[in-house]
Amino acid sequence: MKIYMIRHSMTPGNKRRAYIGATNEPLCKEGIELLKGRSYPEVEKVVASPMKRCVQTSQCIYPGKEPNIIDKLRECDFGAFEGMTYEELKEDANYQEWISKEGKIPFPSGEDQIEFRRRCVQGFDEAVAYFHNNNISCGAMVVHGGTIMAILEAYARPKEDFYHWKVENGEGYLVEVDEKIWFETENSNRYVTVLGKC
């Protein structure tokens, strides 16, 4: 099974380089134009995060293919940092502590990073099961940058850390799942092979 993991296109907050997680922003004009300027491979079915920016991106790339929404694939809630940029936060003591801990502590009033990453992995498991149960050999996921990073940190071969898998708006990765291994082994032995960027 091949899966194209695609990050949503640009939003107003992305243009400002702000932390946009739980904020349910639509795409901006530039984000829509970005998608028009790219071509994406054909797939049989699509899954997506419930956030507007992902559903809208899915509709732009794959018109006529209603995405199957998986709530666990939504972006992290950045809490007190939500909607803020580095420039706006750089003097904030809580932000400096978060940076010093390499982003591995919970966001103030937001989501715990470990829980977020675990949730994304569970969402990916649901997506693989959905494709498998529908006999899909080539599908797409339209999700968030953080979601892709969390999934690939857990499952990708070759193994790399979270930030290695960062992608820009409208970009992503093509991965392959060996369904026999996936469904016949313990969760800890599951993996995906990264075939390249898309």
Side-chain angles (χ1 to χ4, degrees), residues 1-78 82-83 111 116-117 119-152 154-156 165-177 179 192 194-198:
M1 177 196 301
K2 290 183 171 61
I3 302 174
Y4 291 91
M5 304 174 69
I6 302 166
R7 183 186 175 195
H8 64 80
S9 197
M10 191 182 297
T11 71
N14 294 152
K15 279 178 65 179
R16 295 192 301 111
R17 304 191 71 79
Y19 288 94
I20 303 296
T23 305
N24 203 9
E25 288 191 336
L27 301 182
C28 61
K29 181 180 176 183
E30 291 89 340
I32 294 169
E33 291 301 315
L34 176 69
L35 295 175
K36 288 179 180 175
R38 293 178 60 103
S39 61
Y40 293 87
E42 275 302 312
V43 298
E44 297 161 84
K45 283 197 179 289
V46 181
V47 300
S49 155
M51 306 302 279
K52 286 178 186 174
R53 54 197 184 269
C54 294
V55 173
Q56 196 176 355
T57 298
S58 174
Q59 291 167 342
C60 288
I61 297 174
Y62 299 112
K65 283 188 168 68
E66 190 68 26
N68 179 56
I69 301 300
I70 298 179
D71 188 64
K72 289 176 182 171
L73 295 174
R74 70 190 184 281
E75 181 60 283
C76 189
D77 181 347
F78 296 120
E82 187 75 33
E111 193 168 4
F116 161 68
R117 295 180 194 190
R119 166 170 65 74
C120 291
V121 167
Q122 292 169 351
F124 183 74
D125 292 348
E126 289 182 22
V128 171
Y130 171 76
F131 290 139
H132 176 76
N133 293 338
N134 285 277
N135 298 310
I136 301 304
S137 61
C138 187
M141 296 173 52
V142 182
V143 291
H144 308 271
T147 306
I148 292 172
M149 291 157 72
I151 293 165
L152 293 183
Y155 283 143
W165 302 111
K166 189 176 189 303
V167 289
E168 298 301 321
N169 294 111
E171 296 181 356
Y173 293 95
L174 170 61
V175 303
E176 187 171 54
V177 176
E179 293 170 79
V192 302
V194 179
L195 300 180
K197 280 196 164 185
C198 64

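All values below were derived from every heavy atom in this structure, side-chain atoms included, with hydrogens, water molecules and symmetry-related copies excluded. Bear in mind the structure is a predicted one, so any value in this text is a computation, not a measurement.
Between I69 atom CD1 and C54 atom SG the span is 8.5 Å, to the nearest 0.5 Å. In this structure, SG in C120 is found 10.5 Å from CE in M149, a value given to the nearest 0.5 Å. Here L34 contributes atom CG and S9 contributes atom OG; the two are 4.0 Å apart, rounded to the nearest 0.5 Å. In this structure, SG on C138 lies 9.0 Å from CD1 on I3, to the nearest 0.5 angstrom. With rounding to the nearest 0.5 angstrom, the CD atom of E82 is 5.5 Å from the CD1 atom of I20. Taking CG from D71 and CD from Q122, the interatomic distance works out to 11.5 Å, rounded to the nearest 0.5 Å.
For R119 and E111, the salt-bridge test passes: some basic side-chain N is under 4.0 Å from an acidic carboxylate O. Salt-bridge annotation for E30 and K15: present, with a side-chain N of the basic residue lying under 4.0 Å from a carboxylate O of the acidic one.
Within 6.0 Å of NZ on K65 lie more than 12 heavy atoms contributed by other residues, nucleotides or ligands.
Put simply, the side chain of Q56 gets close to the backbone of L27: a donor and an acceptor are under 3.5 Å apart.
Neither side chain, Y130 nor D125, offers a donor N or O lying under 3.5 Å from an acceptor on the other.
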- Task: For the pair K72 and E126, evaluate side chain to side chain contact (heavy atoms under 4.5 Å, CB included) and give the outcome as yes or no after the intermediate values.
- Result: CA-CA 9 Å; K72 289 176 182 171; E126 289 182 22; 3.0 Å; yes
- Query: Should T147 and E75 be marked as a side chain to side chain donor-acceptor pair (under 3.5 Å) after you check the CA-CA gap, both sets of side-chain angles, and the distance that decides it?
  - Reply: CA-CA 6 Å; T147 306; E75 181 60 283; 4.6 Å; no
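Ring pair F124/Y155 is tilted by interplanar angle, where 30° to 60° counts as tilted.
Looking at P26 and R53, their side chains never come closer than 4.5 Å, going by heavy atoms from C-beta outward. Considering only heavy atoms from C-beta on, E179 comes within 4.5 Å of H132 through its side chain.
When each of V55, V142, I6 is checked for a side chain to side chain contact (heavy atoms under 4.5 Å, CB included) with V46, only V142 meets the rule.
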